[in-house]
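Notes to accompany the following structure.
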2 protein chains.
Amino acid sequence: MFDKGLALNMTYIKLSDDDRALMLQQAGLRLTRQRQALAAILFDGTHKHVTAEHVHAAARKKRAAISLATVYNTLHQFTSAGLLREIVIDASRIYFDTNVESHHHFFDESNGRLTDVPASSVAIASLPKPPSGTKIDRVDVVLRVRGKA
Amino acid sequence: MFDKGLALNMTYIKLSDDDRALMLQQAGLRLTRQRQALAAILFDGTHKHVTAEHVHAAARKKRAAISLATVYNTLHQFTSAGLLREIVIDASRIYFDTNVESHHHFFDESNGRLTDVPASSVAIASLPKPPSGTKIDRVDVVLRVRGKA
DNA sequence: ATTTGTGCAAATCGTTTGCATCTGA
DNA sequence: TCAGATGCAAACGATTTGCACAAAT
């Protein structure tokens with residue numbers, strides 16, 4: 001077995017059911033059929049940007065009957081546990097990113113497609129000081145692109 | 001009279017009804033009672049971050065009876081006309097910013113408050129090249145902050 | 001046995017739309 | 001005049017919630 005923290009952030013390592021079971025348990029989440037099915041969909045070793053609908057549809061396709069409400073609950077639980085990261089791009093949809101490393105996004109306005117941008121390729125040279133009494137928690141950079149045509 | 005383009009971006013210049021009427025006309029929008037009322041609420045010389053609800057409530061308070069649907073239509077028209085800028089922070093609400101200059105935002109996660117950050121105080125030293133066939137349209141930086149307490 | 005999770009359907013919330021009616025240029 | 005704007009209510013789509021049932025420790 002390898003380190004879980006590492007596994008989460010490496011795109012090329014295939015995870016086994018056991019690995020995912022361990023992930024959930026370490027996150028303090030009980031091992032339920034639904035969570036395992038959703039984890040299998042989400043954490044397959046590649047990073048994804050998904051909506052609840054996507055996940056629900058994927059579960060259906062795998063013949064795992066999971067209600068949409070449970071999908072939502074689970075995505076939020078995974079997010080609180082640090083296994084997913086929420087990104088807001090479009091006002092009418094929540095995207096969940098399986099990449100929890102610090103990074104940014106390209107958002108293609110013509111087709112709604114979202115692509116990861118490694119944090120290292122966006123160099124932020126200076127930041128203003130936050131309003132008094134607050135500290136910067138996270139910096140989200142969205143590079144909105146559109147076709148040149 | 002002063003230059004309209006300038007007026008839009010200067011926070012300390014008070015605009016008159018006539019100034020706003022001109023703004024609307026230059027944007028190719030007919031001068032209607034509702035648009036004038038909403039423009040008066042939005043473009044009073046200070047920058048604001050508002051939702052349709054905010055604007056609707058403000059109109060009520062001024063005894064200007066404007067339907068919520070019209071508020072939405074108008075905000076979108078103003079946005080297409082370049083008088084407002086849409087910002088997405090929270091998946092469940094569209095914010096409209098009366099500041100259309102290039103700039104960024106602080107978003108306080110504890111109270112949902114949004115604050116402008118001048119573009120000049122965020123220095124982005126390098127950006128990745130966009131996916132082939134696309135060009136970067138806009139860069140949105142959201143500095144998410146929370147109370148230190 | 002007790003706590004935690006799940007499923008369903010109904011509720012909610014912001015936003016959009018269809019359509020009949022008005023109004024500014 | 002008449003294209004464009006408005007208002008209303010109904011439609012919408014994503015998300016959340018209440019509650020009875022089921023499953024995990």
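Chain identifiers are assigned alphabetically (A, B, ...) following the order of the sequence lines, protein sequences preceding nucleic acid strands; residue numbering begins at 1 within each chain.
Here B/Arg93 lies in heavy-atom contact (under 4.0 Å) with sugar-phosphate atoms only. Within the nucleic acid shown, B/Leu68 comes within 4.0 Å of at least one base atom, counting heavy atoms only.
Considering only the side chain of A/Asn73, D/dT17 comes nearest among D/dT17, D/dT6, D/dA23.
One interatomic measurement links the two molecules: CG of B/Leu29 to C1' of D/dA3, which rounds to 14 Å at whole-angstrom precision. Atom pair B/Ile66:CD1 and D/dC8:C1' shows a separation of 15 Å (rounding to whole Å applied). Between the CZ atom of A/Arg30 and the P atom of D/dA24 there is a distance of 9 Å, given to the nearest Å.
Every side chain to side chain contact (heavy atoms under 4.5 Å, CB included) that B/Ala27 has, sequence neighbours left out, goes to B/Leu29, B/Ala81, B/Leu83. Remark: B/Arg33 engages no residue in a side chain to side chain contact (heavy atoms under 4.5 Å, CB included) (not counting sequence neighbours). Under the salt bridge (Lys or Arg N to Asp or Glu O under 4.0 Å) criterion, A/Asp140 pairs with A/Arg85, A/Arg138, B/Arg144, sequence neighbours left out. The side chain to side chain contact (heavy atoms under 4.5 Å, CB included) check on A/Ser67 picks up A/Ala69, A/Thr70, with sequence neighbours excluded. Every residue two or more places apart in sequence or in another chain that forms a side chain to side chain contact (heavy atoms under 4.5 Å, CB included) with B/Thr79 is listed here: B/Leu84, B/Glu86, B/Phe96.
Within the 4.0 Å cut-off from OP1 or OP2 of D/dT16, not a single side-chain nitrogen or oxygen of A/Tyr72 is found.
Residues from residues 32-42 of chain A placing a heavy atom under 4.0 Å of any atom in DNA chain C, listed by number, are A/Thr32, A/Arg33, A/Gln34, A/Arg35. Scanning residues 48-64 of chain A for heavy-atom distances under 4.0 Å to DNA chain D yields an empty list.
Contacts classified as salt bridge (charged side-chain N to carboxylate O under 4.0 Å, His left out) and involving residues 49-69 of chain A (residues at least two apart or in different chains) are not found. Legend: salt bridge (charged side-chain N to carboxylate O under 4.0 Å, His left out) pairs involving residues 20-30 of chain B, not counting sequence neighbours, sorted by first then second residue: B/Asp17-B/Arg20.
Residue A/Asp116 is tested with A/His104, A/Lys48, A/His49, A/His47 for a side-chain hydrogen bond (donor to acceptor under 3.5 Å, both in side chains); the sole match is A/His49.
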Can you check side-chain hydrogen bond (donor to acceptor under 3.5 Å, both in side chains) on A/Ser16 and A/Asp18, steps first, answer last? CA-CA 5 Å; A/Ser16 68; A/Asp18 285 351; 5.1 Å; no
Would you give me the side-chain donor-acceptor pairs under 3.5 Å for residues 121-136 of chain A, sequence neighbours excluded?
residue: A/Ser121; atom: OG; partner: A/Pro118; partner atom: O; Å: 3.0
residue: A/Ser126; atom: OG; partner: B/Ala123; partner atom: N; Å: 3.4
residue: A/Thr134; atom: OG1; partner: A/Pro131; partner atom: O; Å: 2.6

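For DNA chain C, the span of nucleotides reached by chain B at under 4.0 Å from its heavy atoms goes, 5' to 3', from C/dG14 to C/dA25.
Five base pairs at each end of the helix from C/dA1-D/dT25 to C/dA25-D/dT1 define two local axes, and these are offset by 30° (rounded to 10°).
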